[in-house]
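Note on naming: letters A, B, ... go to the chains in the order of the sequence lines (proteins, then strands), and numbering restarts at 1 for each one.
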2 protein chains.
Amino acid sequence: MGSAERKERQRAELREQILQVARDMVMKEGFGALSMRKLADAVEYAPATLYLHFENRDAIARELCVRGFQELLAVLEPAAACEEPVERLSRLADAYVTFGLKQPETYRLVFMEDPKLSADLFQDKQEGAGPKSFAVLVRAFEALKAAGLALEGATPVRLAEVFWAGLHGIVSLKLTCSGFQGAPAEALAQTLVASTVHGPKPARATRRTR
Amino acid sequence: MGSAERKERQRAELREQILQVARDMVMKEGFGALSMRKLADAVEYAPATLYLHFENRDAIARELCVRGFQELLAVLEPAAACEEPVERLSRLADAYVTFGLKQPETYRLVFMEDPKLSADLFQDKQEGAGPKSFAVLVRAFEALKAAGLALEGATPVRLAEVFWAGLHGIVSLKLTCSGFQGAPAEALAQTLVASTVHGPKPARATRRTR
DNA sequence: GCAATAAATGAACGGTGTTCACAGAACGGT
DNA sequence: ACCGTTCTGTGAACACCGTTCATTTATTGC
């Protein structure tokens with residue numbers, strides 16, 4: 001009787017193993033080097049077997065996208081717990097950049113490959129991991145605004161978008177135009193924070209004398 | 001004997017034609033869809049012939065990278081001619097973003113594909129197109145600093161890096177995470193300008209949202 | 001043990017970049 | 001005008017790739 005459940009479990013296990021091996025391949029050699037044949041070889045099945053568990057290569061990539069993004073979200077959440085608004089923004093920036101540099105191929109897969117792969121992440125306005133982590137940033141800017149430290153004339157949503165773009169720009173330029181930037185990404189991120197924080201109370205690295 | 005020169009000219013012409021067709025293909029269907037076989041077909045030569053003019057597919061891509069970047073530089077230069085520092089930054093941002101959205105596949109090729117492809121652009125610290133257009137941004141921030149409008153505690157070079165990253169982030173998120181951002185890229189770019197410009201005089205010119 | 005169902009596969013199709021031995025044309029020197 | 005060299009061009013092949021499908025193999029319920 002319980003054999004149906006066992007089969008289902010085994011099926012899920014194999015699916016999981018495929019994703020695991022695929023993840024390793026992507027992290028080690030990049031998404032471009034993820035080949036169905038090599039993947040099948042690694043899990044010791046015929047290539048055709050993979051198609052019993054995934055529609056195609058892109059379906060595997062999409063799943064890896066979702067998981068990669070969840071890892072990013074998991075890294076962002078502790079930083080978002082910080083109370084002090086400027087410090088919170090600073091920690092968020094640092095967490096984001098650190099993740100991007102530590103997991104370059106994952107980051108590439110999620111944010112720099114085909115839009116189709118990451119499209120799922122930004123579908124549901126409420127539940128999706130994309131809007132969810134974006135909301136983390138928006139809240140940070142709401143706190144900043146409440147403290148009178150945000151740029152006037154721009155909504156927290158707008159500021160969050162620009163800030164995210166800034167972080168993404170820093171990480172992705174580091175990943176693709178390696179010879180371009182001089183300063184380390186973390187330093188650039190902190191400059192971004194300093195440049196984003198406005199208002200009477202100067203942010204950490206900023207001192208106003210006249 | 002002018003025949004040597006004629007042959008050389010014909011050779012250059014074919015090379016040019018290959019690049020032209022390749023460029024069209026990339027702009028229409030993206031770099032991933034650029035196939036040596038289809039390219040050979042389009043110029044009515046055998047695939048092997050392409051290898052008499054280019055080392056491999058990447059060599060073609062590199063050449064397209066250089067040209068694409070020069071187009072960007074050509075778009076940036078008029079904006080850089082503006083005298084008023086804030087307005088100059090605003091126009092630079094607008095030119096950059098507009099270029100990225102109008103030529104998405106070119107932009108992807110230059111800034112979001114393999115680092116190897118765009119590596120050439122940032123080799124020479126002096127002559128290369130990369131550093132050259134970066135210098136345009138640095139000068140803009142020097143002017144901003146001279147007017148007392150730049151973030152204190154950060155060098156113009158550093159600010160230029162962060163600003164570039166911000167622009168790149170806006171463009172590239174628009175290109176890959178289409179469902180992500182709500183506001184149009186030009187508006188985000190102007191918010192970035194507003195958020196970048198510091199100092200006693202609030203930058204009225206950047207208040208407008210287009 | 002047998003029929004039905006699920007899992008796995010080998011072989012193929014059409015595509016990719018790249019190489020290389022070979023053919024043909026154009027050339028320079030005699 | 002001939003010949004040997006040098007350059008241009010190619011067809012065929014190699015080793016991959018993602019994907020499909022008829023077929024085989026294993027597992028299940030009866």
Side-chain angles (χ1 to χ4, degrees), chain A residues 1-26 28-65 105 109 113-114 116-117, chain B residues 1-19 21-26 28-65 105 108-109 113-114 116-117:
Chain A
M1 277 302 190
S3 68
E5 297 145 27
R6 193 201 57 198
K7 280 186 79 171
E8 186 54 38
R9 202 185 54 217
Q10 284 181 341
R11 204 182 140 78
E13 273 173 13
L14 177 50
R15 195 189 136 95
E16 191 56 35
Q17 195 202 345
I18 293 171
L19 284 171
Q20 194 63 40
V21 173
R23 197 184 103 109
D24 291 352
M25 281 183 163
V26 168
K28 199 160 38 151
E29 311 179 75
F31 174 59
L34 175 62
S35 127
M36 296 299 270
R37 292 178 129 101
K38 281 192 290 184
L39 179 53
D41 226 49
V43 295
E44 295 182 295
Y45 280 93
T49 305
L50 300 181
Y51 292 84
L52 300 178
H53 297 267
F54 298 93
E55 188 193 346
N56 51 27
R57 181 170 174 266
D58 277 7
I60 299 180
R62 280 197 300 270
E63 183 75 39
L64 292 181
C65 258
E105 297 300 343
L109 179 62
E113 295 286 343
D114 204 303
K116 288 180 298 187
L117 301 183
Chain B
M1 304 305 170
S3 69
E5 296 145 30
R6 191 201 57 196
K7 281 187 76 170
E8 184 54 38
R9 201 185 54 217
Q10 282 181 342
R11 205 182 139 78
E13 271 172 16
L14 177 51
R15 195 188 137 95
E16 191 57 36
Q17 194 203 346
I18 293 171
L19 284 171
V21 173
R23 197 185 102 107
D24 291 352
M25 281 183 162
V26 167
K28 197 158 43 151
E29 311 180 74
F31 175 58
L34 175 63
S35 129
M36 295 299 270
R37 293 177 128 102
K38 283 191 290 184
L39 180 52
D41 227 47
V43 296
E44 296 182 295
Y45 279 93
T49 304
L50 300 181
Y51 291 84
L52 300 179
H53 297 268
F54 297 94
E55 187 194 347
N56 51 28
R57 182 171 173 264
D58 277 7
I60 298 180
R62 279 198 299 272
E63 183 75 39
L64 292 181
C65 258
E105 297 301 343
R108 284 192 82 98
L109 178 61
E113 297 285 343
D114 204 305
K116 288 180 299 186
L117 302 183

Which residues within residues 46-58 of chain B lie with some heavy atom under 4.0 Å of an atom in DNA chain C?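 Residues of residues 46-58 of chain B that come under 4.0 Å of DNA chain C are, in numerical order, B:Ala48, B:Tyr51, B:Asn56, B:Arg57.
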Heavy atom of residues 13-24 of chain A under 4.0 Å from DNA chain C: which residues? none
Could you work out, with side chain to side chain donor-acceptor pair (under 3.5 Å) as the rule, every residue matching [X], not counting sequence neighbours?
X: A:Gln17; answer: none
X: A:Arg57; answer: none
X: B:Arg23; answer: B:Glu71
X: A:Arg11; answer: none

Steps toward side-chain contact (heavy atoms from CB on, under 4.5 Å) verdict (A:Asp58, A:Arg62): CA-CA 6 Å; A:Asp58 277 7; A:Arg62 280 197 300 270; 4.0 Å; yes
Any B:Leu64 side-chain heavy atom under 4.5 Å of B:Phe31 side chain: no
Using whole Å, report how far CZ of A:Arg11 lies from P of D:dT27.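 Computing the A:Arg11:CZ to D:dT27:P distance gives 16 Å.
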Figure out the OH/C1' separation between B:Tyr45 and D:dC7, and round it to whole Å. 13 Å
Quick check on A:Gln10: does its CD atom have over 12 non-hydrogen neighbours (other residues, nucleotides or ligands) under 6.0 Å away? yes
Which residues in residues 31-44 of chain A have a heavy atom closer than 4.0 Å to any atom of DNA chain D?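 A:Leu34, A:Ser35, A:Met36, A:Arg37, A:Lys38, in order of number.
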For B:Glu13, all residues meeting side chain to side chain contact (heavy atoms under 4.5 Å, CB included), sequence neighbours excluded: B:Arg9
Quick check: does any side chain N or O of A:Asn56 sit under 3.5 Å from a backbone N or O of A:Ala59, one acting as donor and the other as acceptor? yes
Spacing of CG belonging to A:Leu14 relative to NE2 belonging to A:His53, to within rounding of 0.5 Å: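 So the gap between those two atoms works out to 4.0 Å.
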Partners passing salt bridge (Lys or Arg N to Asp or Glu O under 4.0 Å) against A:Glu16 (at least two apart in sequence or in another chain):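 Here the qualifying residues are A:Arg67.
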Please report the end-to-end axis angle for the helix from C:dG1-D:dC30 to C:dT30-D:dA1, five pairs per end, rounded to 10 degrees.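 Rounded to the nearest 10 degrees, the bend comes out at 10°.
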Listing time: all N or O pairs from protein to nucleotides 22-24 of chain D that are below 3.5 Å?
none

Exercise answer: donor-acceptor pairs, residues 35-52 of chain B side-chain atoms, under 3.5 Å, sequence neighbours excluded:
residue	atom	partner	partner atom	Å
B:Ser35	OG	B:Arg37	N	3.2
B:Ser35	OG	B:Lys38	N	3.0
B:Lys38	NZ	B:Ala33	O	3.2
B:Thr49	OG1	B:Ala46	O	3.3

